[in-house]
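Remember, it's a predicted structure, so these values are computed and weren't measured experimentally. A note on names: the letters A, B, ... follow the listed sequences, proteins ahead of strands, and every chain is numbered from 1.
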Amino acid sequence: MTSHAPADPARRVFRMPEDLANQIAAGEVVERPASALKELIENAIDAGATHIKVDIEEGGLRLLRVTDDGSGMSEADAIAAMERHATSKLRSADDLFRISTLGFRGEALPSIASVSRFEMVTKLHGALEGIRLRVEGGGQPVVEPAGCPAGTQITIRDLFFNTPARLKFLKTRGTEVKHCIEAVQHLALARPEVGFTVVSEGRTVLDWPAVADRAGRIFSYFGRPDADQIHPTEVAVLGPVSASGFIGEPSLSRRTSAQVITFVNGRYVRDRLLASAVRVAYQHLVDRARYPVSVLYLELPYDAVDVNAHPMKTEVRFHQPDEAFRAIRRAVSNTLAAAPWVRRAPSFGTTQPTTPEPTGPVAQPLDFAPALSSLSAFDLAPLTHQPARTYRLDRGSERGLSFAPAPERPGPVSRPADAPTHARGFFSALHYLAAFKATYLLAADGDGLVIVDQHAAHERITFEALRLSWKRERLPQQPMLIPAILTFSAVQSAVLEAHLDFFEALGFELEPFGGNDFALKAVPAIFLKARHHKLLQDAIEELAETGQSARVEEAFEAVLSRMACHGSVRAGDNLSHDEVRRLFADLDAVDFGANCPHGRPVWFRMTLAELETRFGRR
Amino acid sequence: MEFVLDTPALLRELFKVKAVASGKSTLPILQHTLIEALEDGTVTFAATDNELTLISSATANVVTPGRIAVRASDFFDMVKSASAPTVRISKSSDGGWVNLDAGAIKARFASADPLEYPALVRLPEKPSIVIPTAQFTRVMDRAIISVSTDDGRPNLTGALTKLSADGTFTMVATDGHRLSHVSTKIANFEGDPGALATGVIIPKRGLAELRRTIDSTEPELGIEVSGSNVIFGYGATQLSIRLIDASFPDFNRVIPAEKPERRAEVSRTELLQYARIANMKVGSGNEKKMVRLELDPQNSALIISSNTKDCEFSATVDAVYSGKSVKAGYNPSYFTELLPVLPGDKLFVEMIDALSPTIIRETEGEDGDDSLFIVMPMRL
């Protein structure tokens, strides 16, 4: 026994100090300012507030303040609330399965207080005076009496000041502001009876008055003109489950799923199952690569859903997932089926099951993966589209095709900039035959049939011009004679403001014009005829989405590819012979190998031999 | 209801209404045209999509007066293939069906209840404003080219139309980058401009429909602003257009003050010809086209040039000019769209510098016309 050295005291099992436990819990609950904000607002709502004001400075890292006119707390309750697992909302384990309040874990306040300089000022209605409670990085609360209005005001300064590791993971201030605003919007969408104001850096970015019903709130959320294309759904009841909400016209579709918003018993959740129910209902109305716009509320008995699946409470577990799925799908699809505002897409002949589905005027999914972008467009093609399984498609390699009269196709990038060349490229040398469905251009070379998707082709050309402009050459810019005043949502304007230099480099001249308005004073000449407001909204959405994960360059290229879609001819546009010739010539000038915006094929070729095989001639 | 009408006359009327009664409408009744046979021998054809309403009439042999509502495009397609000189249209006694009898062709169409048809706004017997058709179309043709197609800026998707009490008729249109300001003086104008005194915005689609159906042989055009619609009457046809409810931007601020010393007089046809060359596809580049104009007082010349990496082009035309040397670049399509609709062989070009708006002005407008076009130069 004596031969054994005493165990290293540092390795023995100790009960964690309270502060450390709180900091660990904070890692789960308080991931970023927006998550702290969400917890505080939930508390305010649970306290019966009718108006909640949020102040944000430096993306919530310097200051995050939530002021409510709710019930307020007594001194004893306030001190108790700072202890871990203290809650007024849950008494027994049974209650856990019947949760009707937003908060319940009793983790939020102590967790937040453990990673910030925390101050709470609160007064009960009717009480003579309130209290001020301060906690700095955990530690013991310091309490003093305070004169204040009824309700609670919580101020969080210097969030994560004592957890530098967490601080490092945070994104730019603009991104954090965006997350904060979204957090408020999600809570506000579920509680129309509560008014919300958000002030960021002294600027009011969101001001939603209390309204009587959800429709009024939906209107605030989408704003004009989009709100005119949002319609209420019918109420679908399936056993104990009911689903209803608001859905957008198919033309309002978005590139990301951020606007497929779902609530379960008034709680915002991101649930793949519910989101897929919405998409299934919109099948064939919205391009597969796009997402419809919808805000849906699912109500079900509190014991039929487990909201305690994740500390952030944005995930839930359904006991009967199938019912939830069907209720949502039914509410959406029945509404769509009866809606006079739905215009069904023209259907292609059903006798040709191998025909690829028509790609609408909108572009394809953003299969933007850095590893793939170095491949040629043609290598990518089979990954994304399978036009006709029975054909063996000869996409060939773009160079050295035996049928092309000028196999060494010159591209502007690969040749000296000031040496004009007059060799005809592969596309220029094609013999143009006809357009099919005003979308696919049919052309012939020596012994093959070449089919070009006009939208994809033009999009690639526009993308290339944009990319060049962003990288080095500036594109000609068309100033406005009369600037356009564009109104954005709070989130959009936060993102836009953070990326103004990017838009400027491309040739957009935008100036803040008060509130969330911007004056558009010049556009890149290639976007002269585009719908500028929509184009910018799309680009901002793309930035907001990819900006978080991708490298800056990838994010911007994704935005460019999305913009390119706006500056391009659409599927369904009738092109004259001259326009087709010009398009083909432009295609020759694009360096396909350099980068591909969507990873979708622009063209494919079927050889005569394959055609003959199909007809049994071989 | 029953009437007999000449086939070409019927086709002409159906052609007018079918464009308005588009199949795109979400209200099924609006895909129909309302045909009404009156005791006095006129048959009216009406179609509406709630934004445009077209009413037209023809003289027929009316056997029994009455009303029917039929699908405009189906009816048109059927009548188009009729070879008989006249077509007899009647409502069948078993209700719901409309019979069409044209020689060898006999058809019957399902019809809708004419009572469901929305109420139609009509031009009053004596419209408040009557102006010469030719003057109106001249102004409209020059304004319509600048109307915006960006529905993100709805107030620019139509032309501001004004009439002052002294008879000055003006249309202003802009897409945000260029602007047309066209006016004409109506001789001996008498009447009340009403809402046109402050101006109304007429959507481009309505103007295009007006252009398509207007009868240039009719000397006069009646105009009436009624509520949120403007109604045009020409011959036996009237077109009601729902106005754009928005405020037009204050364009006066962007019209530079008149400075005759900046003015160069050049040939319209030559400028057009060379702008077209500058707009041509040359080589394989995919650059956005730009045409450069340079006023050279030394040689009294306007130099038109374009420059891509595959081709450099320039042309020199005579210019009457004594101002300072100035140069700017433009989107060539502004010139290729504008110049063809201008009359006369001469025009004025007024340039300030490479960044300021440039004015193109008519030199010799037809009687009472005064046109001014502003284009914004491009920046490199």
Item to complete: Output all residues satisfying side chain to side chain contact (heavy atoms under 4.5 Å, CB included) with Asp175(B), sequence neighbours left out; order by chain, then residue number.
Response: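 Once residues adjacent in sequence are excluded, the partners of Asp175(B) under the side chain to side chain contact (heavy atoms under 4.5 Å, CB included) criterion are Ser148(B), His177(B), Arg178(B).
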Would you compute the distance between atom [atom1] of [X] and atom [atom2] of [Y] and round it to the nearest 0.5 angstrom?
X: Arg153(B); Y: His532(A); atom1: CZ; atom2: NE2; value: 8.5 Å
X: Lys534(A); Y: Asp150(B); atom1: NZ; atom2: CG; value: 11.5 Å
X: Leu481(A); Y: Leu179(B); atom1: CG; atom2: CG; value: 6.0 Å

query: Between Pro479(A) and Met378(B), which heavy-atom pair has the shortest distance, and what is it?
result: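 Nearest heavy atoms, Pro479(A) then Met378(B): CD-CA, 4.1 Å.
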For residues 243-256 of chain B, run the donor-acceptor check on the side chains, cut-off 3.5 Å, and write out each pair with its distance to 0.1 Å, sequence neighbours left out.
unit_1: Asp250(B); atom_1: OD1; unit_2: Asn252(B); atom_2: N; d: 3.3

Tell me, do Thr174(B) and Met480(A) make a side-chain contact under 4.5 Å, heavy atoms counted?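 They are not in side-chain contact.
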Are the side chains of Tyr334(B) and Gln478(A) in contact, using a 4.5 Å heavy-atom criterion?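 Sidechains of Tyr334(B) and Gln478(A): in contact.
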**Prompt:** Side chain, backbone, both or neither: which part of Pro377(B) has an atom under 4.5 Å from a heavy atom of chain A?
**Reply:**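 Only the backbone of Pro377(B) comes within 4.5 Å of chain A.
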Which answer fits Glu579(A), side chain, backbone, both or neither, if we ask what part of it has an atom under 4.5 Å from a heavy atom of chain B?
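Neither part.
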Under 4.5 Å from any heavy atom of chain B - which part of Pro483(A) =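 Answer is backbone: N, CA, C or O of Pro483(A) sit under 4.5 Å from chain B.
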Top contributor to chain A interface from Gly176(B), Pro357(B), Gly152(B) [non-hydrogen pairs under 4.5 Å] |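 Of the options given, most contacts go to Gly176(B).
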_Over 12 non-hydrogen atoms of neighbours within 6.0 angstrom of NZ in Lys204(B)_ =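 Result for NZ/Lys204(B): enclosed.
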